[in-house]
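In what follows, a structure is listed as structure tokens, so that the remarks can point back to it.
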Amino acid sequence: MKPVQGPMRYQPEQFEAHWQNVWEEKGAFRTPQDLATLQKKPKYYVLDMFPYPSGSGLHVGHPEGYTATDVVARHKRAQGFHVMHPMGWDAFGLPAERAAERENIHPAIITKRNIDNFRRQIKRLGFSYDWQREVSTTDETYYRWTQWIFLKLYEKDLAYLAEVPVNWCPALGTVLSNEEVKDGVYVETGDPVERRNMRQWMLKITAYAERLLDDLDLLDWPESVKDMQRHWIGKSHGAHVYFAIAGYQGRLDVFTTRPDTLFGATYCVLAPEHPLVQNITTEAQREAVNTYIRETNSKSDLARTDLAKSKSGVFTGAYALNPVNDTPIPIWVADYVLMGYGTGAIMAVPSHDERDNEFAKQYDLPIVRVVDDLGFLEHSDFLDGLGVEEAKIKIIEWLEFNKQGKGTVQYRLRDWLFSRQRYWGEPFPIVLLDDGTHVALPESALPVTLPPIDAYKPTETGEPPLARAGDAWLMVELPDGRRGIRETNTMPQWAGSCWYYLRYLDPHNTKAAVARDLEQYWMPVDLYIGGVEHAVLHLLYSRFWHKVLFDCGVVSTREPFQKLFNQGMILAYSYRDARGKYYGPDEVIEKDGLWFTHAGEPVATQSEKMSKSKLNVVNPDDVIDRYGADAMRLYELFMGPLDQVKPWQMTGVEGVYRFLQRVWRLVVNELTGEIVVGAGLAPPLLEKLLHRTIKKVHEDTELLRFNTAISQMMIFVNEATAHTPLPRSILDVFLRLLSPYAPHIAEELWSRLGFEGLCCAQDAPKFITSMCEDDTITIVFQVNGKRRADLVVEKGLDKAALEQLALSDPKVIKHLEGKPPKRVIVVPGKLVNIVC
RNA sequence: GCCGGGAUGGCGGAACGGUAGACGCUAGGGACUUAAAAUCCCUUGUCCGUAAGGGCGUGCGGGUUCGAGUCCCGCUCUCGGCACCA
């Protein structure tokens, strides 16, 4: 047959949308809601991380994880599971609010516009989501339950108002949580953050620190993500040590992980914000201390971090008394000690702590060694000669016995700053009373909906935007007659994404966040795929809420996400000239491996994160327009292992597109459109290859090794092409195998071949083990570990026979060079290695 | 600085301790075509050689093993994360 591309060639644009409509109309991916039906099959819950529908739409990085979960979802359905595979929108948040400000449109309208665009783009890929379960955090029917969960937190005393130093971001006009700030800037935008004291809502995540840490062991997560969480929680064992202060009544508590080095403490340091500073500073030092504190306060967090290279501090004039020997040691103030950790005060042991050492050298403070090179205590009285661990135990006993301190556990984790001074978020179901107290609204008052306001910015007096709402919204009369004003802060964006995986299970329930029996059937999430950027933020917050809900009896599992998998970022090639100016892919040409602008100027090429400023963003719409959704899906997965960072290459899309064309030609005559089906049986070798392919695709899909699964299907199609026309039995099996990966072409060819029903609704093909094995095998002959020959032999030859064959092989004889074999290693079915 | 990944052809990547480079791309050659596109076939790690064949090859240096991309020790580079947390 002449391989010509005819008029009836593979044209995905002619049928992809059609099949998407058919799936939707027939409810092919709708998951039953009725428990009796559900319980007839095992369940599988495969979840994508909740996308934020941004104004710029999707780029090709987004659908990587979505394609992976979709293949798994379709695969599991075909394996006989009820599959939960939903999609929705984490749609509260700043960008929509800023766009609203710019365009003077309500953020809800911006949000709807963005969601519509995201949904359209996602739907074009033919994912098997159950769209009847779509949720958006911004819907009243959704955030009603976010508020309800907040009430649970409030009831359990896990939500409280506190005057705390917060991360205030002037550019955003709001506070941020610790997790959102790094090096003094907001991690998302790089806007600087400063420290302020404000009265804010906090969630007591620290009360769950131990469980959040321990239960990580139950999870099938990447070890790196668990490590990041462990580090964030930052549990450390140590002791509080109480220092008396010369000439002052109060005492100074310090936290140390090295109580064993107490005899080496030569000074103490307080954080500049420490309340004792003002009390203990002597008159002689007061001015110097106040000056230092003023300087520190004026430094931004960023400057504090930058200046970390050199330490600074000032002497308070006061002396602490070392509890073990009453030695007076000076108390300093320095900003290398943080108020937010431990007690905000330390005992400095410059001999065994790098930071203290640097400080001591800078200010000429004494350094006393108390642990020798072998790790034994010295100059430490009753601790002398002990190892560090023994000494720790002994000194803690001593401190506790003498009431001079106690052994403690300290966490790095701090409570979660939970309020934001923005409009586009969930209002708190809280009323502030005249007397300064606050009360939670009853459940019947939910939802507290967002009122219309005239502008999405703070008031003249610096109050949050919600303070602009009229009295009708702001003023509340409680059932008992008391009057108050509504809380005008809103919840952070993380709130809605903390529990969305539960709402998908029962999205239209008006009586509960999720029905108990459905929750029990579906939870936990079996596979959760998303980017590593949420390793701490979302995944820690979400686990915390889940545990609270567990304690409330709302959920039945200790952890929400059993298996987590991080997809690697997709990069794209960018082109930059010597001056650093970027060029788009259309503006450059390749010549002998080097790249030039059309004007002939050389440009350097590198693969970088996609961004508008680098002119290297690839839009899935463009890819689908040219190659279709199936090619897009296949390429997303064929590029390489899912968890690896890898660059997008348009030529690679052409490769999988050509593969799909070959699949097409297995069934359709491109010139006439006729269906090409042969009579009789397939050649036995092709049949065997098919079974091996089923096996490999099945195994690789289970292990999320999609790239090698696709590669195996390519091998099959390359071979099958040589044997057209293929019998129906072969096509039947192969199309069902291909369907999870390239569902549109599978459906189209399935239908053209006149098979019953929808291809995506069929059972997965099964392989026969005996069919996966060859009758003959190739045995490799090695001489001294080097491959010298091979031989095709029957299966099942024993070691002696294989050894005989190897020793009589002419090439082997040649390489033995007449030397007698010293040793022969025979690996049946594989090789023979002759050592001489 | 600390904690994790990673390093294999021109490129993306394959390889239960057992034939390194599957599959795809790119490039070159050929077929088809008036021509081009598309498609199909062949070649494509590198060096020597007309060939047959052979040498060398998985970031670097050692080691274990009959045999190492794979395991161990010590480095280099690179990408993430954390970073005055006492």
Side-chain angles (χ1 to χ4, degrees), chain A residues 1-6 9 182-183 222-228 230-232 234 236 238 254-258 261 269 304-305 307-309 311 334-338 340-343 345-349 352-356 358-359 410-414 532-533 535-536 566 568-569 573 590 592-593 607 634-635 638-641 643-656 658-659 661-662 665 670 705 707-715 718 721 778-790 811 814 822-827 829-836:
Chain A
M1 187 180 82
K2 283 265 165 66
V4 174
Q5 195 172 56
R9 67 186 182 274
K182 191 195 150 190
D183 293 339
E223 210 45 48
S224 59
V225 174
K226 290 195 200 178
D227 273 351
M228 279 189 236
R230 287 190 188 108
H231 180 255
W232 194 263
S236 52
V254 305
F255 172 72
T256 178
T257 54
R258 292 295 304 277
T261 61
V269 185
R304 267 194 176 189
T305 320
L307 294 172
K309 275 85 199 161
K311 295 201 175 4
D335 68 357
Y336 82 91
V337 172
L338 310 173
Y341 182 76
T343 60
I346 62 157
M347 61 178 220
V349 185
H352 303 288
D353 183 282
E354 248 182 73
R355 298 153 300 189
D356 297 343
E358 192 193 328
F359 192 80
Q410 188 70 45
Y411 297 93
R412 201 187 88 113
L413 182 70
R414 285 173 232 170
V532 74
E533 65 272 19
V536 173
N566 294 124
M569 206 194 320
Y573 289 100
E590 191 241 312
D592 301 326
S607 55
L634 281 182
Y635 182 64
F638 185 65
M639 292 172 82
D643 56 356
Q644 228 163 77
V645 174
K646 43 209 178 288
W648 186 269
Q649 298 185 104
M650 232 15 139
T651 50
V653 186
E654 296 208 35
V656 294
R658 280 200 275 265
F659 162 69
Q661 293 184 58
R662 287 198 294 277
R665 285 195 298 267
E670 289 189 320
R705 301 201 311 203
N707 55 327
T708 47
I710 293 168
S711 152
Q712 183 63 38
M713 289 191 276
M714 286 173 166
I715 292 170
N718 289 346
T721 297
T778 304
I779 299 290
V780 169
F781 296 154
Q782 296 182 329
V783 177
N784 289 330
K786 286 195 177 174
R787 178 184 178 278
R788 293 301 179 187
D790 55 44
K811 284 182 187 156
K814 181 185 153 202
K822 276 190 222 153
R823 196 175 157 189
V824 181
I825 293 102
V826 182
V827 185
K830 289 274 184 191
L831 57 72
V832 180
N833 186 16
I834 299 158
V835 186
C836 66

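Below, chain A is the first sequence line, B the second, and so on; all start at residue 1. Values below: every heavy atom of this structure, side chains too, minus hydrogens, waters and symmetry copies.
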Worksheet item: Going through the distances and angles, do A/Gln410 and A/Thr257 end up as a side chain to side chain contact (heavy atoms under 4.5 Å, CB included)?
Response: CA-CA 9 Å; A/Gln410 188 70 45; A/Thr257 54; over 6 Å; no

Practice prompt. Could you walk me through whether A/Phe638 and A/Met714 pass side chain to side chain contact (heavy atoms under 4.5 Å, CB included), step by step?
Written response: CA-CA 11 Å; A/Phe638 185 65; A/Met714 286 173 166; 3.9 Å; yes

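Distance A/Asp335 CG to B/C84 P: 11 Å, rounded to the nearest Å. In this structure, A/Gln649 places its CD atom 12 Å from P of B/C25, rounding to the nearest Å. Across the protein-nucleic acid pair, A/Tyr573 atom OH and B/C11 atom P stand 9 Å apart, rounded to whole Å. Between A/Glu358 atom CD and B/G1 atom C1' there is a gap of 12 Å when expressed in whole angstrom units. Nucleotide B/C25 holds its C1' atom 15 Å from the CD1 atom of A/Ile710, rounded to whole Å. If you measure from atom CZ of A/Phe659 to atom C1' of B/G12, you get 17 Å, rounded to the nearest angstrom. What separates CE of A/Met639 from C1' of B/G13 is a distance of 11 Å, to the nearest Å. In this structure, the CD atom of A/Glu670 is 9 Å from the P atom of B/C40, given to the nearest Å.
Surrounding CD of A/Glu354 are at most 12 heavy atoms belonging to other residues, nucleotides or ligands under 6.0 Å away.
Classification of the A/Trp648-A/Tyr635 ring pair by plane angle, with boundaries at 30° and 60°, yields perpendicular.
Nearest heavy-atom pair, A/Gly342 versus A/Phe255, reported as atom, atom and distance to 0.1 Å: CA-CB, 4.2 Å.
B/G61 and B/G57 are spaced 10 Å apart, taking the P atom of each and rounding to whole Å. For the C1' atoms, the distance linking B/G4 with B/G54 amounts to 44 Å, nearest Å. Straight-line distance between the C1' atoms of B/G21 and B/U44: roughly 12 Å, to the nearest whole Å. Distance noted for atom C1' between B/A7 and B/G69: 11 Å (whole Å). Distance check on atom P: B/A51 versus B/G63 gives 37 Å, rounded to whole Å. Between B/C77 and B/A27, the distance separating the two P atoms is 36 Å to the nearest Å. Between the P atoms of B/A35 and B/U26, the separation comes to 23 Å (whole Å). When the C1' atom is compared between B/C2 and B/C84, the two are found 13 Å apart, to the nearest whole Å.
Look at B/C16: it lacks any Watson-Crick or wobble partner with both distances under 3.5 angstrom. With a cut-off of 3.5 Å on both pairing distances, B/A83 has no Watson-Crick or G-U wobble partner at all. Nucleotide B/G57 forms a pair with no other nucleotide shown, judged by Watson-Crick or G-U wobble geometry with both contacts under 3.5 Å. B/U34 makes up no base pair with any nucleotide shown, lacking Watson-Crick or G-U wobble contacts both under 3.5 Å. Across the strands present, B/U50 finds no partner; the criterion is a Watson-Crick or G-U wobble pair with both atom distances under 3.5 angstrom. Nucleotide B/G24 has B/C11 as its partner under the Watson-Crick or G-U criteria, with both atom distances under 3.5 Å. Checking B/G6 for Watson-Crick or G-U wobble geometry (two distances, each under 3.5 Å) identifies B/C77 as its partner.
Evaluated for a side chain to side chain contact (heavy atoms under 4.5 Å, CB included) with A/Gln782, the options A/Ile825, A/Leu831, A/Asp790 yield exactly one hit, A/Leu831.
The shortest distance between the side-chain N/O atoms of A/Arg658 and the OP1/OP2 oxygens of B/A38 is not below 4.0 Å. Put simply, A/Asn707 has no side-chain N or O that comes within less than 4.0 Å of OP1 or OP2 on B/C23. One finds a side-chain N or O of A/Arg662 lying less than 4.0 angstrom from the OP1 or OP2 phosphate oxygen of B/G24. Regarding contacts with the backbone of B/G5, every side-chain N or O of A/Gln644 stays at 4.0 angstrom or more from both OP1 and OP2. Close to B/A86, at under 4.0 Å from its OP1 or OP2, lies no side-chain N or O of A/Tyr336. Contact between the side-chain N/O atoms of A/Ser236 and the OP1/OP2 oxygens of B/A86 is found at a separation under 4.0 Å.
Between the CZ atom of A/Arg788 and the NZ atom of A/Lys814 there is a distance of 8.0 Å, given to the nearest 0.5 Å. Rounding to the nearest 0.5 Å gives a distance of 10.5 Å between CG of A/Asp353 and CD of A/Glu358. Atom CD1 of residue A/Ile346 and atom OH of residue A/Tyr341 lie 12.0 Å apart, to the nearest 0.5 angstrom. A/Thr256 contributes atom OG1, which lies 4.0 Å from atom CE of A/Met347 (distance to the nearest 0.5 angstrom). A distance of 13.0 Å separates CZ of A/Arg662 from CE of A/Met713, quoted to the nearest 0.5 Å. In this structure, CD1 on A/Ile710 lies 11.5 Å from CE on A/Met639, to the nearest 0.5 angstrom.
Counting heavy atoms from C-beta outward, A/Arg412 and A/His231 have side chains that approach closer than 4.5 Å. Between A/Arg9 and A/Gln661, every side-chain heavy-atom pair lies at or beyond the 4.5 Å cut-off. Between A/Ile834 and A/Val824, the closest side-chain pair of non-hydrogen atoms falls below 4.5 Å.
By the rule that a glycosidic angle within 90° of 0 means syn, B/G9 counts as syn.
The side chain of A/Gln661 has B/U39 as its nearest neighbour among B/U26, B/A86, B/U39. Nearest nucleotide to the A/Phe638 side chain, out of B/C3, B/G24, B/A15: B/G24.
Residue whose closest nucleotide on RNA chain B sits further toward the 5' end, between A/Lys646 and A/Gly340: A/Lys646. Between A/Pro641 and A/Phe255, the residue anchored closer to the 5' end of RNA chain B is A/Pro641, taking for each the nucleotide with the nearest heavy atom.
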Item to complete: Assign a letter to each nucleotide of nucleotides 78-83 of chain B from its 5' end: B, base within under 4.0 Å of a protein heavy atom; S, sugar-phosphate only; -, no contact.
Response: ---SSS

Produce the list of close N/O pairs, under 3.5 Å, pairing protein atoms with atoms of nucleotides 17-20 of chain B; give distances to one decimal.
unit_1	atom_1	unit_2	atom_2	d
B/G18	N2	A/Gln782	OE1	3.4
B/U19	O2	A/Arg787	NE	3.3

Between N or O atoms, less than 3.5 Å apart, protein on one side and nucleotides 54-56 of chain B on the other: list the pairs.
unit_1	atom_1	unit_2	atom_2	d
B/G54	OP1	A/His815	NE2	2.9
B/G55	OP1	A/Arg788	NH1	3.4
B/G55	OP1	A/Arg788	NH2	3.2
B/G55	OP2	A/Arg788	NH1	3.4
B/C56	OP2	A/Lys786	NZ	3.1

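If you check distances only, the side chain of A/Lys822 never reaches the base of B/C66 with a donor-acceptor pair under 3.5 Å.
Within the nucleic acid shown, A/Ile715 comes within 4.0 Å of sugar-phosphate atoms alone, with no base atom in reach, counting heavy atoms only. A/Asn718 comes within 4.0 angstrom of the backbone, heavy atoms only, and of no base.
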